[in-house]
Amino acid sequence: MLDILEQTRGCIFDYGGTLDTGGCHWGRYIWRAYRRQGVPVSEPLFRDAYVYAERELGRNPIIQSDYTFRKTLSAKLSIEMEYVASKVGGFDLPRWHDAVLADLYAAVRVETAHSRQVLESVGRQRPMVLVSNFYGNINTVLAEFGLDGLFSGVVESAVVGVRKPDPRIFLLGVESLGMAPHEVAVVGDSYAKDIEPAHEAGCRTVWMRGEGWTGNDPADAGVADATITALADLL
(Lines give C-alpha, C1' and ligand atoms only; values in the text may rest on other atoms or scores of the structure.)
Protein backbone atom coordinates (compact mmCIF):
# COMPACT_ATOMS: atom_id res chain seq x y z
CA MET A 1 0.00 0.00 0.00
CA LEU A 2 1.16 3.56 -0.69
CA ASP A 3 3.63 4.70 1.99
CA ILE A 4 1.60 7.77 2.91
CA LEU A 5 -1.35 5.54 3.84
CA GLU A 6 0.90 3.36 5.96
CA GLN A 7 1.96 6.49 7.85
CA THR A 8 -1.60 7.60 8.64
CA ARG A 9 -4.57 6.09 10.49
CA GLY A 10 -7.53 7.32 8.47
CA CYS A 11 -8.47 8.40 4.95
CA ILE A 12 -10.64 11.13 3.47
CA PHE A 13 -11.74 10.70 -0.15
CA ASP A 14 -13.13 13.22 -2.58
CA TYR A 15 -15.97 11.96 -4.79
CA GLY A 16 -16.41 13.87 -8.06
CA GLY A 17 -13.41 13.51 -10.34
CA THR A 18 -11.76 11.05 -7.97
CA LEU A 19 -14.09 8.07 -7.55
CA ASP A 20 -16.31 8.53 -10.61
CA THR A 21 -14.09 9.66 -13.50
CA GLY A 22 -10.66 8.19 -12.83
CA GLY A 23 -9.08 11.55 -12.04
CA CYS A 24 -10.50 13.45 -15.02
CA HIS A 25 -12.17 16.81 -14.30
CA TRP A 26 -15.90 16.57 -14.98
CA GLY A 27 -15.82 19.35 -17.54
CA ARG A 28 -13.25 17.50 -19.61
CA TYR A 29 -15.03 14.18 -19.00
CA ILE A 30 -18.28 15.54 -20.43
CA TRP A 31 -16.48 17.20 -23.34
CA ARG A 32 -14.96 13.83 -24.27
CA ALA A 33 -18.46 12.33 -24.43
CA TYR A 34 -19.63 15.22 -26.61
CA ARG A 35 -16.79 14.45 -29.01
CA ARG A 36 -17.40 10.69 -28.99
CA GLN A 37 -21.05 11.28 -29.86
CA GLY A 38 -20.30 13.90 -32.50
CA VAL A 39 -22.24 16.72 -30.83
CA PRO A 40 -21.99 19.78 -33.13
CA VAL A 41 -20.53 22.30 -30.67
CA SER A 42 -17.13 23.96 -30.36
CA GLU A 43 -15.04 23.52 -27.23
CA PRO A 44 -15.21 27.23 -26.29
CA LEU A 45 -19.03 27.15 -26.50
CA PHE A 46 -19.13 23.92 -24.52
CA ARG A 47 -16.97 25.46 -21.80
CA ASP A 48 -19.33 28.41 -21.56
CA ALA A 49 -22.30 26.03 -21.35
CA TYR A 50 -20.61 23.91 -18.69
CA VAL A 51 -19.87 26.93 -16.49
CA TYR A 52 -23.40 28.24 -17.02
CA ALA A 53 -24.93 24.92 -15.93
CA GLU A 54 -22.71 24.68 -12.84
CA ARG A 55 -23.75 28.17 -11.78
CA GLU A 56 -27.43 27.44 -12.37
CA LEU A 57 -27.23 24.29 -10.27
CA GLY A 58 -25.43 26.22 -7.55
CA ARG A 59 -27.97 29.06 -7.51
CA ASN A 60 -31.17 27.04 -7.72
CA PRO A 61 -32.31 23.98 -5.72
CA ILE A 62 -32.84 21.91 -8.86
CA ILE A 63 -31.21 18.71 -7.56
CA GLN A 64 -33.22 17.04 -4.80
CA SER A 65 -31.93 14.65 -2.13
CA ASP A 66 -33.54 11.63 -3.83
CA TYR A 67 -32.05 12.32 -7.26
CA THR A 68 -29.96 9.46 -8.59
CA PHE A 69 -26.75 10.26 -10.41
CA ARG A 70 -28.45 9.51 -13.71
CA LYS A 71 -31.21 12.01 -12.95
CA THR A 72 -28.66 14.56 -11.72
CA LEU A 73 -26.54 14.17 -14.84
CA SER A 74 -29.64 14.42 -17.03
CA ALA A 75 -30.56 17.73 -15.40
CA LYS A 76 -27.02 19.06 -15.81
CA LEU A 77 -26.88 18.09 -19.50
CA SER A 78 -30.30 19.63 -20.14
CA ILE A 79 -29.14 22.99 -18.78
CA GLU A 80 -25.90 22.80 -20.76
CA MET A 81 -27.60 21.91 -23.99
CA GLU A 82 -30.35 24.49 -23.59
CA TYR A 83 -27.54 27.04 -23.45
CA VAL A 84 -25.94 25.55 -26.57
CA ALA A 85 -29.30 25.50 -28.39
CA SER A 86 -29.70 29.22 -27.67
CA LYS A 87 -26.45 29.82 -29.56
CA VAL A 88 -26.61 27.18 -32.33
CA GLY A 89 -29.52 27.09 -34.74
CA GLY A 90 -31.16 23.71 -35.36
CA PHE A 91 -29.46 22.04 -32.41
CA ASP A 92 -31.27 18.72 -31.79
CA LEU A 93 -31.34 18.85 -28.00
CA PRO A 94 -33.26 15.61 -27.26
CA ARG A 95 -31.02 13.58 -29.59
CA TRP A 96 -27.72 14.85 -28.20
CA HIS A 97 -28.89 14.85 -24.59
CA ASP A 98 -29.88 11.17 -24.70
CA ALA A 99 -26.71 10.13 -26.54
CA VAL A 100 -24.33 11.91 -24.16
CA LEU A 101 -26.29 10.79 -21.07
CA ALA A 102 -26.08 7.11 -22.07
CA ASP A 103 -22.38 7.45 -22.92
CA LEU A 104 -21.43 9.12 -19.63
CA TYR A 105 -23.58 6.96 -17.39
CA ALA A 106 -22.05 3.76 -18.78
CA ALA A 107 -18.54 5.19 -18.32
CA VAL A 108 -19.21 6.22 -14.72
CA ARG A 109 -20.60 2.80 -13.84
CA VAL A 110 -17.30 1.27 -14.98
CA GLU A 111 -15.19 3.81 -13.06
CA THR A 112 -17.14 3.49 -9.82
CA ALA A 113 -16.92 -0.31 -9.98
CA HIS A 114 -13.11 0.01 -10.16
CA SER A 115 -13.17 2.51 -7.32
CA ARG A 116 -15.22 0.20 -5.14
CA GLN A 117 -12.56 -2.51 -5.40
CA VAL A 118 -9.83 -0.11 -4.28
CA LEU A 119 -11.95 1.35 -1.48
CA GLU A 120 -12.76 -2.07 -0.13
CA SER A 121 -9.03 -2.85 0.11
CA VAL A 122 -8.17 0.47 1.75
CA GLY A 123 -11.16 0.25 4.09
CA ARG A 124 -10.11 -3.12 5.45
CA GLN A 125 -7.12 -1.43 7.09
CA ARG A 126 -8.39 2.03 8.10
CA PRO A 127 -11.64 4.00 8.48
CA MET A 128 -12.63 6.24 5.57
CA VAL A 129 -14.75 9.38 5.28
CA LEU A 130 -16.08 11.03 2.13
CA VAL A 131 -15.78 14.83 1.79
CA SER A 132 -17.50 16.23 -1.29
CA ASN A 133 -18.88 19.36 -2.88
CA PHE A 134 -22.26 17.99 -3.90
CA TYR A 135 -25.91 18.91 -4.26
CA GLY A 136 -27.44 17.22 -1.20
CA ASN A 137 -27.94 13.80 -2.81
CA ILE A 138 -24.54 12.18 -2.44
CA ASN A 139 -25.88 9.34 -0.28
CA THR A 140 -28.40 8.46 -3.00
CA VAL A 141 -25.57 8.45 -5.56
CA LEU A 142 -23.30 6.30 -3.38
CA ALA A 143 -26.08 3.71 -3.01
CA GLU A 144 -26.71 3.78 -6.77
CA PHE A 145 -23.13 2.70 -7.46
CA GLY A 146 -22.72 0.30 -4.54
CA LEU A 147 -20.40 2.65 -2.63
CA ASP A 148 -22.69 3.05 0.37
CA GLY A 149 -21.53 1.41 3.56
CA LEU A 150 -17.84 1.88 2.72
CA PHE A 151 -17.48 5.18 4.58
CA SER A 152 -17.82 5.75 8.31
CA GLY A 153 -18.99 9.28 7.60
CA VAL A 154 -20.03 11.58 4.74
CA VAL A 155 -19.41 15.33 4.74
CA GLU A 156 -21.36 16.99 1.92
CA SER A 157 -21.09 20.70 1.18
CA ALA A 158 -24.82 21.23 0.57
CA VAL A 159 -25.58 19.69 3.97
CA VAL A 160 -22.86 21.24 6.16
CA GLY A 161 -22.85 24.67 4.51
CA VAL A 162 -19.09 24.69 3.80
CA ARG A 163 -17.58 24.16 0.36
CA LYS A 164 -14.14 23.33 -0.90
CA PRO A 165 -11.65 24.96 -1.11
CA ASP A 166 -12.49 26.05 2.45
CA PRO A 167 -10.18 23.97 4.70
CA ARG A 168 -12.93 23.73 7.31
CA ILE A 169 -14.75 21.09 5.31
CA PHE A 170 -11.73 18.81 5.64
CA LEU A 171 -11.56 19.49 9.37
CA LEU A 172 -15.17 18.27 9.58
CA GLY A 173 -14.00 15.06 7.92
CA VAL A 174 -11.12 14.76 10.38
CA GLU A 175 -13.55 15.32 13.26
CA SER A 176 -15.79 12.58 11.89
CA LEU A 177 -12.83 10.19 11.99
CA GLY A 178 -12.02 11.21 15.58
CA MET A 179 -8.36 11.79 14.70
CA ALA A 180 -5.83 14.60 14.51
CA PRO A 181 -5.33 16.14 11.05
CA HIS A 182 -1.78 14.78 10.65
CA GLU A 183 -3.15 11.27 11.16
CA VAL A 184 -5.39 11.56 8.09
CA ALA A 185 -4.54 11.23 4.39
CA VAL A 186 -6.77 13.14 1.95
CA VAL A 187 -7.11 11.71 -1.57
CA GLY A 188 -8.44 14.00 -4.28
CA ASP A 189 -8.08 14.96 -7.93
CA SER A 190 -8.26 18.74 -7.61
CA TYR A 191 -5.03 20.42 -6.57
CA ALA A 192 -6.80 23.71 -5.76
CA LYS A 193 -9.92 22.30 -4.09
CA ASP A 194 -8.56 19.16 -2.42
CA ILE A 195 -4.80 19.22 -1.97
CA GLU A 196 -4.07 22.84 -1.01
CA PRO A 197 -6.94 23.22 1.51
CA ALA A 198 -6.36 19.76 3.02
CA HIS A 199 -2.68 20.63 3.44
CA GLU A 200 -3.70 23.92 5.06
CA ALA A 201 -5.94 21.95 7.44
CA GLY A 202 -2.90 19.94 8.53
CA CYS A 203 -3.71 16.69 6.73
CA ARG A 204 -1.37 14.56 4.66
CA THR A 205 -2.34 14.62 0.98
CA VAL A 206 -2.41 12.31 -2.04
CA TRP A 207 -2.99 14.11 -5.34
CA MET A 208 -4.70 11.94 -7.95
CA ARG A 209 -3.30 13.82 -10.90
CA GLY A 210 -5.39 13.37 -14.02
CA GLU A 211 -6.71 15.64 -16.74
CA GLY A 212 -7.52 19.04 -15.30
CA TRP A 213 -9.76 21.78 -16.63
CA THR A 214 -7.84 25.04 -16.33
CA GLY A 215 -4.19 24.11 -16.87
CA ASN A 216 -3.25 25.91 -13.66
CA ASP A 217 -1.98 22.88 -11.73
CA PRO A 218 1.68 22.95 -10.63
CA ALA A 219 4.26 21.20 -12.79
CA ASP A 220 5.45 19.13 -9.82
CA ALA A 221 3.71 17.69 -6.77
CA GLY A 222 3.55 21.06 -5.03
CA VAL A 223 2.42 20.61 -1.43
CA ALA A 224 1.11 17.09 -2.07
CA ASP A 225 2.82 14.41 0.02
CA ALA A 226 2.29 11.86 -2.77
CA THR A 227 1.05 11.84 -6.36
CA ILE A 228 -0.82 9.05 -8.13
CA THR A 229 -2.36 8.78 -11.60
CA ALA A 230 -4.99 6.14 -10.82
CA LEU A 231 -6.87 5.19 -7.67
CA ALA A 232 -5.38 1.69 -7.83
CA ASP A 233 -1.95 3.26 -7.23
CA LEU A 234 -3.00 3.54 -3.58
CA LEU A 235 -2.54 -0.21 -3.36
Side-chain angles (χ1 to χ4, degrees), residues 14-112 132-142 144-145 156-166 169 188-194 208 210-217:
D14 167 56
Y15 179 75
T18 300
L19 302 182
D20 56 0
T21 69
C24 185
H25 185 280
W26 258 103
R28 192 168 295 281
Y29 204 66
I30 296 174
W31 171 241
R32 283 181 174 179
Y34 271 59
R35 294 190 66 187
R36 285 194 296 268
Q37 297 303 319
V39 182
V41 59
S42 67
E43 186 172 4
L45 178 55
F46 165 74
R47 282 178 172 263
D48 289 346
Y50 177 82
V51 171
Y52 174 79
E54 287 299 303
R55 289 175 178 168
E56 282 295 297
L57 291 172
R59 282 193 294 258
N60 302 303
I62 296 168
I63 308 302
Q64 302 299 307
S65 62
D66 62 346
Y67 272 33
T68 62
F69 175 75
R70 186 181 184 90
K71 191 170 183 179
T72 301
L73 182 59
S74 177
K76 184 193 295 278
L77 292 175
S78 290
I79 297 170
E80 282 180 11
M81 292 189 180
E82 285 167 5
Y83 182 93
V84 172
S86 72
K87 308 291 184 181
V88 177
F91 186 81
D92 191 344
L93 195 156
R95 172 190 174 186
W96 299 121
H97 170 277
D98 291 351
V100 173
L101 177 62
D103 181 311
L104 285 169
Y105 192 72
V108 169
R109 289 196 69 88
V110 171
E111 291 290 351
T112 52
S132 177
N133 282 354
F134 221 74
Y135 307 107
N137 62 324
I138 191 65
N139 285 304
T140 301
V141 171
L142 292 175
E144 181 179 4
F145 294 123
E156 184 179 9
S157 62
V159 175
V160 301
V162 183
R163 288 182 60 83
K164 303 173 186 178
D166 191 326
I169 196 168
D189 72 297
S190 173
Y191 187 83
K193 293 184 178 180
D194 295 317
M208 186 174 172
E211 292 192 59
W213 181 241
T214 64
N216 293 329
D217 290 338

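Surrounding NZ of Lys193 are at most 12 heavy atoms belonging to other residues, nucleotides or ligands under 6.0 Å away. Counting heavy atoms of neighbouring residues, nucleotides and ligands inside a 6.0 Å radius, atom CZ of Phe145 exceeds 12 of them.
In summary, Lys87 and Asp48 do not engage in a salt bridge, as defined by a charged side-chain N under 4.0 Å from a carboxylate O. By the 4.0 Å N-to-carboxylate-O rule, Lys76 lies too far from Glu56 to be salt-bridged with it.
Closest non-hydrogen pair, Ala75 versus Ile63, comes out as CB-CD1, 4.0 Å. The minimum heavy-atom distance linking Gly136 with Ala158 is given by the pair N-CB, 3.5 Å. Between Pro40 and Val88, the closest heavy-atom pair is O-CG1, 4.4 Å.
The closest side-chain donor-acceptor pair between Asp66 and Thr140, if any, does not fall under 3.5 angstrom. Thr72 and Asn137 form a side-chain donor-acceptor contact under 3.5 Å, judged by distance and modelled atom types alone.
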Hey, can you pull the donor-acceptor pairs under 3.5 Å for the side chains in residues 90-108, sequence neighbours left out?
| unit_1 | atom_1 | unit_2 | atom_2 | d |
| --- | --- | --- | --- | --- |
| Asp92 | OD1 | Arg95 | N | 3.4 |
| His97 | NE2 | Ser74 | O | 3.2 |
| His97 | NE2 | Ser74 | OG | 3.0 |
| His97 | NE2 | Ser78 | OG | 3.4 |
| Asp103 | OD1 | Arg36 | NE | 3.3 |
| Asp103 | OD1 | Arg36 | NH2 | 2.5 |
| Asp103 | OD2 | Arg36 | NE | 3.0 |
| Asp103 | OD2 | Gln37 | NE2 | 2.8 |
| Tyr105 | OH | Arg109 | NH1 | 3.2 |
| Tyr105 | OH | Glu144 | OE2 | 2.6 |

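The six-membered or imidazole ring of Phe46 lies near that of Tyr34, with a centre-to-centre distance under 6.0 Å. The aromatic ring centroids of Trp26 and Phe134 lie 6.0 Å or more from each other.
Considering CG of Leu57 and CZ of Arg55, their distance stands at 12.5 Å, rounded to 0.5 Å. For the atom pair Ile62 CD1 and Ile79 CD1, the distance stands at 4.0 Å (nearest 0.5 Å). Here the CG atom belonging to Asp20 is positioned 8.0 Å from the CD atom belonging to Glu111, to the nearest 0.5 angstrom. Rounded to the nearest 0.5 angstrom, His25 NE2 and Asp189 CG are separated by 7.5 Å. In this structure, CG on Leu45 lies 8.0 Å from OG on Ser86, to the nearest 0.5 angstrom. In this structure, the separation between CD on Gln64 and NZ on Lys71 is 8.5 Å, given to the nearest 0.5 Å.
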Give the intermediate values and the outcome of side chain to side chain contact (heavy atoms under 4.5 Å, CB included) for residues Tyr15 and Thr112. CA-CA 10 Å; Tyr15 179 75; Thr112 52; 4.1 Å; yes

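The main-chain N or O of Trp31 is never found under 3.5 Å from a side-chain atom of Arg47 such that the two would form a donor-acceptor pair. Not a single donor-acceptor pair under 3.5 Å links the side chain of Glu80 to the backbone N or O of Ala49.
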